[in-house]
Structure formats: C-alpha cells, structure tokens
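Reading through the structure tokens given below for one structure.
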Amino acid sequence: MRLAIFLGVLVVMAAWETIAARRTRVLPRARRWPGNFGIAVLDALLTRLVAPAGAVGFAHLAEARGWGLRHFTDWPVWLEGIAAVVVLDFAIYAQHRVFHAVPFLWRLHRMHHADVDVDVTTGARFHPAEILLSLGVKFLVIAALGASPGSVLVFEVLLNATAMFMVGMDSR
Ligand SMILES: [Zn+2]
C-alpha cells in the first residue's frame, strides 16, 4: 500500500515537474535518476532485511506486548491515533534538525541535500545509515507510546507522500 502511494505521488509529481518546471535542470534526469532510484531500492532492501515487518509490524509487537503510554490513559482510540501521528511526525522533524546540527550525522544527511537538481526523487535520496537510524527513532516512539499499527501506517504514508510532494513542489 505504501509502495503504491509512493509510486502514485512519484508519477504525478514527475509529470507535473515536466509540464510546469520552475527550475532549469543542471543535469538531465537520465543522469540523476538511476542513482536516486538505486539508493531508494537499496534503502528499501536494507529496511526489509533489518525489520521485515517494518514500523507497522513493530507496532503489532508493541500492541501484543502491551507496551506504551497508551495503556496508562483512557483516551478514545481516534484521539490516541491522532496523538501518535503527531508525536511520530514531531520526532522525525526533531531528528531532521539533529541531522543538520551534529557534524557526524550531517555527513550522512548531506547526501540528500547534495542532489545536483531538486526534484521528486530527491525525497527518496537518503543515506542507508540515516534510514536505519530513522527506523530506530520510529521504533522508540512506537514502543514509548504504544502507537497502534493503524496510526503508524497513516504516519508512514503521510510522511513518505508529503516528503515526495514537497520536494516535487519545490522544483515545479
Ligand atoms: Zn535536511
């Protein structure tokens, strides 16, 4: 499902960038895209290897084990879901700030910012080590909150689609 939405946003933004380009490209897409897609595939394979069930699978585990703050409150399910999405999003925002601020982490993160042109594929251009650290941050938050699998799925789809949309809009 996440892959389908990823591909959908990718195709729409890539077409939009072609029809209404805001920037002049330094390199043709054929020179950049194999690298950016290669990185995206590598990241996806690595994630599968480390955590085959992904963040949603981890949320199932947290649920089965009864982990997280959720079990100390009696909020309605929908409110817990919204809170989980907001907290996860904030954690990833904070992680991004930290990756810019700490020299060692910036060395990983600058791969994303070093793309010669900015287009929709820039949103999938992340160092594998950054992807794994980010997965770790998500797992910590999921375990701490006891975020439900559904809320994690919504968060993952939103994060992925908006990241691709925003860099796409930037180059359009
Ligand atoms: Zn950044």
Side-chain angles (χ1 to χ4, degrees), residues 2-3 5-18 20-51 54-56 58-59 82-145 147 151-172:
R2 199 184 139 183
L3 182 65
I5 293 172
F6 167 82
L7 290 175
V9 175
L10 179 74
V11 168
V12 168
M13 294 314 291
W16 199 355
E17 285 166 3
T18 307
R22 185 184 288 169
R23 302 178 185 205
T24 313
R25 288 177 184 279
V26 176
L27 289 176
R29 288 196 271 206
R31 286 280 305 280
R32 289 177 43 255
W33 279 23
N36 283 2
F37 282 120
I39 291 162
V41 169
L42 183 68
D43 288 346
L45 290 176
L46 196 63
T47 307
R48 272 291 158 90
L49 204 65
V50 172
V56 176
F58 189 72
I82 291 172
V85 171
V86 169
V87 173
L88 278 162
D89 192 59
F90 179 75
I92 295 302
Y93 166 76
Q95 178 208 305
H96 187 198
R97 295 297 297 258
V98 170
F99 268 78
H100 272 260
V102 178
F104 164 70
L105 295 172
W106 167 246
R107 275 184 215 138
L108 301 174
H109 183 63
R110 72 181 170 188
M111 205 187 92
H112 163 68
H113 289 274
D115 204 353
V116 176
D117 293 309
V118 174
D119 69 12
V120 64
T121 66
T122 310
R125 183 191 159 94
F126 290 100
H127 194 289
E130 174 167 357
I131 292 292
L132 290 184
L133 285 167
S134 178
L135 196 63
V137 169
K138 287 179 204 167
F139 280 18
L140 281 174
V141 174
I142 291 165
L145 297 181
S151 66
V152 175
L153 179 67
V154 168
F155 163 72
E156 290 268 86
V157 168
L158 278 179
L159 177 70
N160 193 241
T162 51
M164 307 277 290
F165 179 74
M166 291 313 288
V167 287
M169 283 304 285
D170 192 47
S171 73
R172 183 204 50 83

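Counting starts at 1 for both ligands and their atoms, following the listed order. The first residue in the sequence is number 1, and the count goes up from there. Just so it is clear, the structure is predicted and the values come from calculations on it, not from any experiment.
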What count do you get for protein N, O or S atoms closer to the Zn ion (ligand 1) than 2.8 Å?
4

Partners passing ring pair (Phe, Tyr, Trp, His ring centres under 6.0 Å) against Phe90 (at least two apart in sequence or in another chain)
none

Could you tell me whether the side chain of Ile5 reaches within less than 4.5 Å of the side chain of Val9, counting heavy atoms only?
yes

Look at the rings of Phe139 and Phe58 and say which category their plane angle falls in: under 30° parallel, 30 to 60° tilted, over 60° perpendicular.
parallel

Applying salt bridge (charged side-chain N to carboxylate O under 4.0 Å, His left out), can you list everything that pairs with Glu130, at least two apart in sequence or on another chain?
none

Across all chains, not counting sequence neighbours, the ring pair (Phe, Tyr, Trp, His ring centres under 6.0 Å) partners of His127 are none

Ion pair present between Asp117 and Arg23, side-chain N to carboxylate O less than 4.0 angstrom?
no

